[in-house]
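Have a look at the structure below, then the notes.
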There are 2 protein chains.
Amino acid sequence: MDVRCHAERVVLPTSPPETVACCAPLVRQPLGAADAVALARTLKAVADPARLRLLSLVAAHDGGEACVCDLVDALDLSQPTVSHHLRVLVEAGLLTREKRGVWAYYALVPAALNALAAVLTAPAGGARSRSAC
Amino acid sequence: MDVRCHAERVVLPTSPPETVACCAPLVRQPLGAADAVALARTLKAVADPARLRLLSLVAAHDGGEACVCDLVDALDLSQPTVSHHLRVLVEAGLLTREKRGVWAYYALVPAALNALAAVLTAPAGGARSRSAC
DNA sequence: CGTCAACATCGACGTCCGTGGATGTCCGGT
DNA sequence: ACCGGACATCCACGGACGTCGATGTTGACG
């Protein structure tokens with residue numbers, strides 16, 4: 001499950017997990033329709049207040065993982081709603097789920113977040129930037 | 001007493017005074033509800049295929065700016081829809097609008113995109129990373 | 001084996017969002 | 001002054017999304 005460069009491949013709507021859009025600088029060249037849909041799908045997973053707080057809570061938790069009960073307690077949402085958001089984040093490849101006993105522990109996938117950040121990064125001052133992946 | 005998980009660990013300090021989406025790495029500390037809403041609002045502006053393509057087209061265009069007619073021609077959307085998306089992007093601070101004569105030229109705001117990217121950036125392998133805000 | 005707790009799934013409801021056609025506004029040209 | 005083109009705004013419709021209550025599944029424990 002590595003996040004490699006040059007992923008021109010686009011997956012079907014019934015996407016397998018962890019299909020994070022790789023380094024497509026967004027400001028280098030106009031991205032195609034299919035790539036835009038794929039990128040938007042991942043960004044939509046992050047573009048929600050509850051999901052942002054979940055990512056933040058999981059990342060800031062001890063050991064970099066947290067169980068659902070902790071998250072339900074931290075947010076003002078019902079347990080099914082929290083489970084739904086966690087599912088969305090896992091399907092987007094941003095979180096991993098590991099069940100230990102009765103509890104389900106969620107952990108961050110830093111590479112996925114960094115891939116998103118890399119796509120959004122724009123050349124602040126200069127015109128052309130390095131194309132190193 | 002029953003063993004209800006370990007829900008006494010989380011503190012939930014409400015929202016810190018700072019509400020700016022400056023360097024708040026998202027993985028450093030749990031972000032408050034208000035900050036999450038603000039961040040999500042900006043991310044929602046980007047989490048759309050048409051808007052992503054618009055950003056890409058504008059950035060890759062000559063001079064870093066493009067008029068609406070170019071964008072309507074590039075995408076398969078009606079002119080009102082393109083105007084709507086451009087409006088969303090301008091209100092999110094990601095594009096600027098300058099009207100010259102009959103045409104309206106849109107240009108990218110690199111700092112805005114970079115701010116988003118900075119928030120999403122996670123410590124890939126390391127643990128702690130400090131950054132002066 | 002029965003019970004309880006943790007978590008996921010299902011069904012439903014209200015709301016927001018993307019889209020296009022019709023229309024309005026502004027500017028330049030003849 | 002009239003007309004045509006470039007954009008913006010308005011309105012309405014269909015689909016997607018966030019939320020919760022109810023229910024199902026699984027594992028631990030007496």
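Letters go in sequence order (proteins before strands), and every chain restarts at 1. All heavy atoms count here, side chains included; hydrogens, waters and symmetry mates do not.
In this structure, the NZ atom of Lys44(B) is 8 Å from the C1' atom of dC17(D), given to the nearest Å. Here dG18(D) presents its C1' atom at 14 Å from CG of Leu52(A), a figure rounded to the nearest Å. Rounded to an integer number of Å, the gap from NZ of Lys99(A) to C1' of dT25(D) is 8 Å. A straight line from CZ of Arg53(B) to P of dG18(C) spans 16 Å, rounded to a whole angstrom. The separation between Arg41(A) atom CZ and dA16(D) atom P is 12 Å, rounded to whole Å. Atom CG of Asp76(B) is separated from atom P of dT19(C) by 11 Å (rounded to the nearest Å).
Considering only the side chain of Cys69(B), dC7(D) comes nearest among dA5(C), dC20(D), dC7(D). In this structure, the nucleotide among dA8(C), dG18(C), dC20(D) sitting nearest to the side chain of Val68(A) is dA8(C). Of the candidates dT19(D), dA28(D), dC7(D), the closest approach to any side-chain atom of Val102(A) belongs to dA28(D). Closest to the Arg51(A) side chain, of the nucleotides dG18(D), dG20(C), dC7(C), is dG18(D). Comparing dG18(C), dT19(D), dG20(C) by their nearest atom to the side chain of Asp48(B) picks out dG18(C). Between dT19(C), dA6(C), dT9(D), one nucleotide has an atom nearer to the side chain of Ser83(B) than all others, and that is dT9(D). Side chain of Cys67(B), nearest nucleotide from dC20(D), dG20(C), dC7(D): dC7(D).
At a cut-off of 3.5 angstrom, the base of dA6(C) holds no donor-acceptor pair with the side chain of Gln79(A).
Shown are Leu31(B), Leu39(B), Val37(B); of these, the side-chain contact (heavy atoms from CB on, under 4.5 Å) with Asp35(B) is made only by Leu31(B).
Within the nucleic acid shown, His85(A) comes within 4.0 Å of sugar-phosphate atoms alone, with no base atom in reach, counting heavy atoms only.
At dC27(C), none of the side-chain N or O atoms of Arg100(B) fall inside 4.0 Å of OP1 or OP2 (strictly under the cut-off). Applying the 4.0 Å criterion to OP1 and OP2 of dT19(D), one finds that Thr81(A) has every side-chain N and O outside that range.
Proximity of a side-chain donor or acceptor of Thr121(B) to a complementary backbone N or O of Ala117(B) within less than 3.5 Å is detected. Using a distance-only test at 3.5 Å, with no hydrogens or angles considered, no donor-acceptor pair links the side chain of Thr42(A) to the main chain of Ala92(A).
Counted within 6.0 Å of CD on Glu98(B), heavy atoms from surrounding residues, nucleotides or ligands total more than 12; the atom is thus considered enclosed.
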